[in-house]
Structures are given as structure tokens and as C-alpha cells.
*Asks:* 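Take this structure, written in C-alpha cells, and hold onto it; I'll ask about it next.
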Amino acid sequence: MNKKRSTELYQRALLSIPGGVNSPVRACRSVGTDPIFIRSADGCRLFDADGNAYIDYVGSWGPMILGHRHPSVIKAISEALEHGTSYGAPTELEIELAELIVQLIPSVDMVRMVNSGTEATMSAIRLARGHTGRDMIVKFDGCYHGHVDALLVEAGSGVATLQIPGSPGVPAAFVEHTLSLPYNDSATVRKVMKEKGEQIACIIVEPVAGNMGLVLPDEVFLETLREVTQESGALLIFDEVMSGFRVSLGGAQEYYGITPDLSCFGKIIGGGLPVGAYGGRRDILELITPQRPVYQAGTLSGNPLAMAAGIATLKQLKQPGFYKGLEEKAEKLINGLDSLAKNAGIPVFCARVGAMLGMFFTDRPVKCFADAKSADLQRFSAYYKGMLENGIYLAPSQFEAFFISSAHGDNALADTLLAAEKVFASL
Ligand SMILES: *Cc1c(COP(=O)(O)O)cnc(C)c1O
């Protein structure tokens, strides 16, 4: 596979962009390769600067649930573009996207748009602290909530991939109010909340953890979080930036039947443009400026192009049978990978919920970050490189989930499994 142009672009990028990339995991360092520069995409395929084609299982890290360049999304963006790109004043498009989210997510009475998932979680935490008058927050090891200072503790995604505990530049005082507990460990949550519950402003959690690889909540974990927060007066925040509209139309909260106080969204609701949002109970959301004093603002928040892309995307997701079709594809793929790996004598732990998938190279079940870290990272790197050489584009880290879109057809799935069979045999 010719990578000449990508290599040239990477060398050039390194001179003017730190690490040559604008988000760290894109650099592919942990798997020992250089990044591939993309020129275009269509449906389930990416095309790189050298003209190579790949079947894409990253989907821009989650947003592209309809595949790339879906006609209705392109049309909506083009139409919005004709009118202008940003006004810094309210538009009808913002109401329309807010109404769609409120209609589809029952726990959300009101929603505020921001520009990234990071902004959504940062703002939700500020709001929880403003609402409760408490400072401490609880998060879980291996969950990633964006690069918010207070949340860069035992974080997943790039932080896990780079194997750093936190980050230089975050003052100790900024994280001293953050407690990070093991995922799926209900007993520890109960114990901590019993001791410190009255100081805790919120528990923030990925209700389906997708930033340490894919780790599903066990039967009692989310229920326990709901129970202990209700008892202590803390708020429960579901960070559904990844799982929202991915696990099911109503997100992980619908799938598992747990109602959080606040929810964070991003990725899919922007249809491939930069968006985040946080929403929830009306009495809490009304504490935000300008109604009341909890401050939060954004020059480009509710951007008309992003709103148009989000609205067009959510309208497609509402079509009857959309998730059923998507889940059938996801199920076929994960079952195929699982049995091919086993046939080749490679121990893997596979998981799936909705259109979120994960595969760890380990012989034991993965229920928390410590389990995830036991996976064979060298084997993952070899698998990643082999798949890439065979035209399959995966996230370059064992600590990431993978995604399919409605644009992944039978041929693409069959080609993926053929590639996997070949690569497993070589590991
Ligand atoms: C991606 C992600 C974020 C951060 O979103 P950005 O748009 O990258 O800032 C936050 N939480 C979760 C669960 C995510 O997957």
C-alpha cells in the first residue's frame, strides 16, 4: 500500500502542528504507525491522500452513524450555507434541534447547545455544583469526559492510550475535588457515598463506557448510581456524548431504563460538524445564565450549519427500523470477529450494544479499566496494522470502541471479516 503522500504530509504537519495532529490519538503512536491523511469519504469508505480506500470503523470517532456524505445531511448543510454561516443571534434551527432532543430523550426537558463534548461535560459539572452548592465530584476510572481539567484523572481514550495518569498543566488543586472509582464496582460507590455523599455535587459516568475499549455496565451498576445520588442529593450525569443516539434512539438511558438528572451529548447530534449539548431537568437547567447565575456562553454555540446537520441526522435516525437494521449489521460483524478469532486460537473478549462494538485481546471478561489494561497491546498493534494493510480502518488503540454506520453494506462487512480471518492467522 503506497503511503508516500501521507508520509510527506505528516512530515510537513509536524513542523506547524504539535505532533502533526489536532487530537492525540490520531497520531497512531501507540500502534507504531504514522497517521494516514484523508482526502475524502463516502458512505462507509475513507479515501486517503495516496488514493487508497478503507472501510471505516472510526466514523470520525462516533458522529458518522449515517456514513459519510449522507445525501440528506449534505443537502441540509448546503441549504443552511446559502443563508449564511454564523449570526451570533438565535435561529429557528436551534429550536428545532433542541425540540428533537427533548422529544427523543425523556429525561431532557431543556437543552443548551455548546461546541464540543468537552464543553458539555464541563458545563454540566459547573451546573451540578451550582445547583447543589457542593464541590466534590465522582467519576470512574477509564471513563473519558473530554479534556476538562477536573476530569483528567484516570481518564480513558487518548490518556489511556498514552498511558499517562493525568496531565501536566492541571494544578493539583483542580483535581482535589475529583474522586475516581472503579467502573462497575457498586460496593465501592455505596461506601464512598455513605461517607462523603453530602459533599458530592454529582456522579458523572459513561453509562456505556466506550473510551477504554467497550465496557458495558453490569445489571446493578447504573441502578446503584441512581439510588445513591437520590439518597445524597447529588446529581446523576450521564455522559452520552458517545452512547447518545448510538446505543439506541433514546441513548443508554433508554436502553437500560435509568433516568439521569443531566445528560451530555455531542458527536452524532452534530452530524459530523462540531457540536455538544447538555440538558436535563427543567428546574436545574433554569439555573443557567441568563435566567439565573450559573454562567455558560459560546460565540459559535448553536451554529446554523451544525444545527442543520444535526437535525437532518436525527430525522434519519427516527425512521422506523433504523436501529434494528444497524444492530443486525453490528451483530453480524461482532459474531463474525469473535468466531474467526476463536477459530484461529486467539483469545478475545467481544462486546456490543446497539451500534457500539469492542474487542479486547484478552482471555478474561472486561468489566473495568484494570481488566481493559490487561489486554495484550502488542497483539492489538499487530492486528491494527494488519487490518490497515488490508483496507480496514480501525481506531489505533485497544482503548477505543468501534462503530458501524447504516452505510456499511453486506459487501463491506464480508470484506472486513475476510481481512480479519487473514490477519488473525498471522498473529
Ligand atoms: C468524545 C467524548 C467526549 C469529548 O467530546 P469532544 O467533542 O471530543 O470534546 C466526552 N465524553 C465522551 C463519553 C466522549 O466519548
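Counting starts at 1 for both ligands and their atoms, following the listed order.
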*Asks:* K267 near ligand 1, heavy-atom distance under 4.0 Å?
*Replies:* yes
*Asks:* So which heavy atom on F221 is nearest to which on V189, and how close?
*Replies:* CE1-CG2, 4.2 Å
*Asks:* What atoms of ligand 1 come within less than 4.0 Å of a heavy atom belonging to E206?
*Replies:* 13 (C)
*Asks:* For atom 8 (O) of ligand 1, what is the closest protein heavy atom, and at what distance to 0.1 Å?
*Replies:* T118 OG1, 4.5 Å
*Asks:* In terms of atom number and element, which parts of ligand 1 are under 4.0 angstrom from non-hydrogen atoms of M242?
*Replies:* 15 (O)
*Asks:* Looking at H145, which atoms of ligand 1 are within less than 4.0 Å of one of its heavy atoms?
*Replies:* 10 (C), 11 (N)
*Asks:* If you measure every N/O of N211 against every N/O of ligand 1, is any gap under 3.5 Å?
*Replies:* yes
*Asks:* If only side-chain N and O atoms count, and only distance matters, is there a donor-acceptor pair under 3.5 Å linking Y54 with D48?
*Replies:* yes
*Asks:* Can you confirm whether the side chains of D239 and T121 place a donor and an acceptor under 3.5 Å from each other?
*Replies:* no
*Asks:* Cation over ring, K373 on F369, under 6.0 Å and within 45°?
*Replies:* yes
*Asks:* Give me the nearest non-hydrogen protein atom to atom 7 (O) of ligand 1 as residue plus atom name, then the distance to 0.1 Å.
*Replies:* G117 N, 2.8 Å
*Asks:* How far is atom 11 (N) of ligand 1 from its nearest protein heavy atom, and which residue and atom name does that atom have?
*Replies:* D239 OD2, 2.6 Å
*Asks:* So which heavy atom on E206 is nearest to which on N211, and how close?
*Replies:* OE1-ND2, 3.1 Å
*Asks:* Check ligand 1 against G146 and write out every atom of the ligand that is under 4.0 Å from a heavy-atom position of the residue.
*Replies:* 3 (C), 4 (C), 10 (C)
*Asks:* Please write down residue, atom name and distance for the protein heavy atom closest to atom 3 (C) of ligand 1.
*Replies:* V241 CG1, 3.7 Å
*Asks:* I125 and side chain to side chain contact (heavy atoms under 4.5 Å, CB included): which single residue from L262, V148, I137 fits?
*Replies:* I137
*Asks:* Does K332 come within less than 4.0 Å of E328, counting only side-chain N to carboxylate O?
*Replies:* no
*Asks:* Can a side-chain donor-acceptor contact be found between S243 and E240 if the only test is distance below 3.5 angstrom?
*Replies:* yes
*Asks:* What are the atoms of ligand 1, with element, lying closer than 4.0 Å to any heavy atom of S116?
*Replies:* 7 (O), 9 (O)
